[in-house]
A.B. asks: 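Below: one structure in structure tokens.
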2 protein chains.
Amino acid sequence: MSRRPTLVDVARLAGVSRATAARAIAGQPTVDPALAARVEEAARELGYTTNPAARALRRGRAGAVAIVVPASDAQGQSGPFTAAPIRAATRVIFDAGQQPVLLLDEGRDTDRLVRHLSAGHVDAAVVILLYESVELDQVLADVPIPVAHVGRPSSERSADGWFVEADQAGGGRQAAETLLDAGRHRLATLAGPDHFGPGRERLQGFADRCREAGVDPGPRVPGEYELEAGTRAAEELLRQRPDVDGIFATSDLVAAGALRALAAAGRRVPDDVAIVGFDDTVVAATSDPPLTSVRQPFDELGTRAARLALALLAGTAEGPRRQVVPTTVTVREST
Amino acid sequence: MSRRPTLVDVARLAGVSRATAARAIAGQPTVDPALAARVEEAARELGYTTNPAARALRRGRAGAVAIVVPASDAQGQSGPFTAAPIRAATRVIFDAGQQPVLLLDEGRDTDRLVRHLSAGHVDAAVVILLYESVELDQVLADVPIPVAHVGRPSSERSADGWFVEADQAGGGRQAAETLLDAGRHRLATLAGPDHFGPGRERLQGFADRCREAGVDPGPRVPGEYELEAGTRAAEELLRQRPDVDGIFATSDLVAAGALRALAAAGRRVPDDVAIVGFDDTVVAATSDPPLTSVRQPFDELGTRAARLALALLAGTAEGPRRQVVPTTVTVREST
DNA sequence: GTGAAAGCGCTAACAT
DNA sequence: ATGTTAGCGCTTTCAC
């Protein structure tokens, strides 16, 4: 017979009862070492592994944890950023002996997602909502399993959830410090779209830190998070403040676009103007010159959120309901 | 009571036996429509959903399909590329009513991965091996579930597996056509590392297409897939063939690096020299000028591989064991 | 067309 | 310390 061996087969081969076999395999201390050894030997010989479905049924737990991410394609806003927390969370969940189940929030058909999360397929969820999907975390509040969020509670409904997020304002402060340390005092910022909350916080942190140092944060030129928008915004900035010597862009793409405007205007970077980007993407590494950029701890966010989900599941979660993880600065040649 | 309702609860409320309830919910035609309606109503009222663990135990299937990816971080070679097939495969698997389980191949501890795949946690697997892990697909040959690969059989052992891959040589041909169509005849290529098989195929396709057109494919300057390497390679190329008017780089990063060397040498792109990159990454979109680039159908690969895995599971797989999907050219301003 | 009942493989409560 | 046994919830014969 080639059917998968069950506990009964192992017990028989070892000459013990199912119960003893089960206990031996579970590593319970109340088993005679000699018997335990026989059971282990039998299990190895037969290639026994416990049947996950049977265990799940018996325990009332699926043995799986969902990782929920927005489905936006790789070109989308958060595409490049979700990969790191997904991997980190996957690793933590798998290492904890659970199955990491990846679920995409397609926007449409959120119901289906919620139903899946409520149907016993998974025991807990890590939800990665870096920037989008205000509505998603509203619906998630109804899900009957523990949920750990990466990102920010975007609705009051979800305000009592568990969150792990990057310190956006702190990132802005680090950008300010980087420019101030380089002796820049004629500053300016290239902002993202107004509706993008984290971007606003970055600017707020930047401004706060500047003021603490007694330096004017300078004008704030808004724009989309796109390369051309960065170029245009920087052109506008050069009109508004021709003597600028330090720029903080809340996105690498914008910073990279600004580099072009600066080059076109004959400003040398960093000699005449220093510039700091945000997100430390591949664009920062490949622009000319490569950009100093503020990096969000995406791995760490994923790791922490997954640990949090597991702790919530085990009932051992403690500490604040909202963890804020600091950003870091990757220094390259633009400052 | 607040425990999840079971089929028994539904049956009782509907006034039928479990068996009938089960049949009604499974949509079997051998049920009196009136009863079926009552069952459906009862199920809705109670908020019944079938218990996946019980179903899995009974059916002998986990109801889950693995997606196996290399764990290399976002900086790694394949990091940016695996995201698309992962998403596509996830979508297909979820839409088929199965759980997409994400598994990372960390390199170390491949055994653990194989054990997981063999233990009944999942019924089939999609393995995304765009470039790496020669050993992984060797080990996977022993896994007792159907496996569909994205990428290439890299060992003879796995040569009888099922594969979906991008047409690398075809991509090289498209690059050649793009340059030839632009009237370029003094060509050259910037190659990747010799050990990288797909890169060699791209060049082969390029050379084949050139020769078909009666044009010399020109010198081939090797280098790593990095920006600076691209700059150096292009400098070397300009020495070897100063009259070059069309360049194919087998990586966007190399192409972007080459743009710098060309600019430094006073060559205008595309007026003096046209250049085609490969992979259509964000670097292609943000370089100056933006690069025309060959795009691999990563979504399509993921979609097809997931469908293939499901078909293998259902026993309905047909067609060739190796599917080759064409690349496309994204035209920007470098040609 | 419907119901009764067995059993998937495991775990844990209970008995010894 | 070990064995016996019930039962998790579903699916699917088998009998009517």
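Below, chain A is the first sequence line, B the second, and so on; all start at residue 1.
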A.B. asks: Output all residues satisfying side-chain hydrogen bond (donor to acceptor under 3.5 Å, both in side chains) with B:Arg322, sequence neighbours left out; order by chain, then residue number.
C.D. replies: B:Glu165

A.B. asks: Rounded off to whole Å, could you give me the CZ-to-C1' distance for the B:Arg4 and D:dC10 pair?
C.D. replies: 12 Å

A.B. asks: With A:Glu45, which residues qualify under side-chain hydrogen bond (donor to acceptor under 3.5 Å, both in side chains), at least two apart?
C.D. replies: none

A.B. asks: Angle between the two end axes of the helix from C:dG1-D:dC16 to C:dT16-D:dA1, five base pairs per end, rounded to 10 degrees?
C.D. replies: 40°

A.B. asks: Under 3.5 Å, is there a donor on one side chain and an acceptor on the other for A:Arg91 and A:Thr303?
C.D. replies: no

A.B. asks: May I ask you to list the residues of residues 16-31 of chain A, by number, that have any heavy atom positioned under 4.0 Å from an atom of DNA chain D?
C.D. replies: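 Contacting residues: A:Val16, A:Ser17, A:Arg18, A:Ala19, A:Thr20, A:Arg23, A:Thr30, A:Val31.
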
A.B. asks: May I ask you to check whether over 12 heavy atoms, not counting those of A:Glu40, lie within 6.0 Å of atom CD?
C.D. replies: no

A.B. asks: Nearest whole angstrom, please: distance from the C1' of D:dC10 to the CZ of A:Arg58.
C.D. replies: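 After rounding, the reported distance stands at 16 Å.
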
A.B. asks: Answer whether the closest heavy-atom distance between the side chains of A:Thr6 and A:Asn51 falls below 4.5 Å.
C.D. replies: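 A:Thr6 does not reach A:Asn51 side chain to side chain.
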
A.B. asks: Measure from the side-chain N and O atoms of B:Asp123 to the backbone N and O of B:Ala62, and report whether any donor-acceptor pair falls under 3.5 Å.
C.D. replies: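 Such a contact is found between B:Asp123 side chain and B:Ala62 backbone.
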
A.B. asks: Give the rounded distance in Å between these two atoms: CZ of A:Arg55 and P of D:dC10.
C.D. replies: 21 Å

A.B. asks: Near DNA chain D, under 4.0 Å by heavy atom, which residues of residues 34-45 of chain B?
C.D. replies: none

A.B. asks: Run the salt-bridge test on B:Glu41 and B:Arg38 with the 4.0 Å N-O cut-off and return the result as yes or no.
C.D. replies: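 Looking at B:Arg38 together with B:Glu41, the answer is no, because their closest N to O distance does not fall below 4.0 Å.
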
A.B. asks: Are B:Arg307 and B:Asp95 ion-paired here, with the side-chain N under 4.0 Å from a carboxylate O?
C.D. replies: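 B:Asp95 and B:Arg307: not salt-bridged.
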
A.B. asks: State, with a plain yes or no, whether a side-chain heavy atom of B:Leu117 is found less than 4.5 Å away from one of B:Leu140.
C.D. replies: yes

A.B. asks: Can you tell me the distance, in whole Å, between the CG atom of B:Leu7 and the C1' atom of C:dA6?
C.D. replies: 16 Å

A.B. asks: Tell me which of B:Leu57 and A:Arg59 sits closer to the 5' end of DNA chain C, going by the nucleotide each one is nearest to.
C.D. replies: B:Leu57

A.B. asks: Quick one: B:Asn51 CG to D:dC8 P, roughly how many Å, whole number?
C.D. replies: 11 Å

A.B. asks: Please determine, for the side chain of A:Asp32, which listed nucleotide (C:dC10, D:dT2, C:dT2) has the closest atom?
C.D. replies: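 Out of C:dC10, D:dT2, C:dT2, the nucleotide with an atom closest to A:Asp32's side chain is D:dT2.
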
A.B. asks: Under 6.0 Å from the CD atom of B:Glu300, do we count more than 12 heavy atoms belonging to anything else shown?
C.D. replies: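 More than 12 heavy atoms, drawn from other residues, nucleotides or ligands, come within 6.0 Å of this atom.
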
A.B. asks: What integer distance in Å separates B:Tyr48:OH from D:dC10:C1'?
C.D. replies: 7 Å

A.B. asks: Please enumerate all residues that pass ring-ring contact (aromatic ring centres under 6.0 Å, His included) together with B:Phe94, with sequence neighbours excluded.
C.D. replies: A:His116

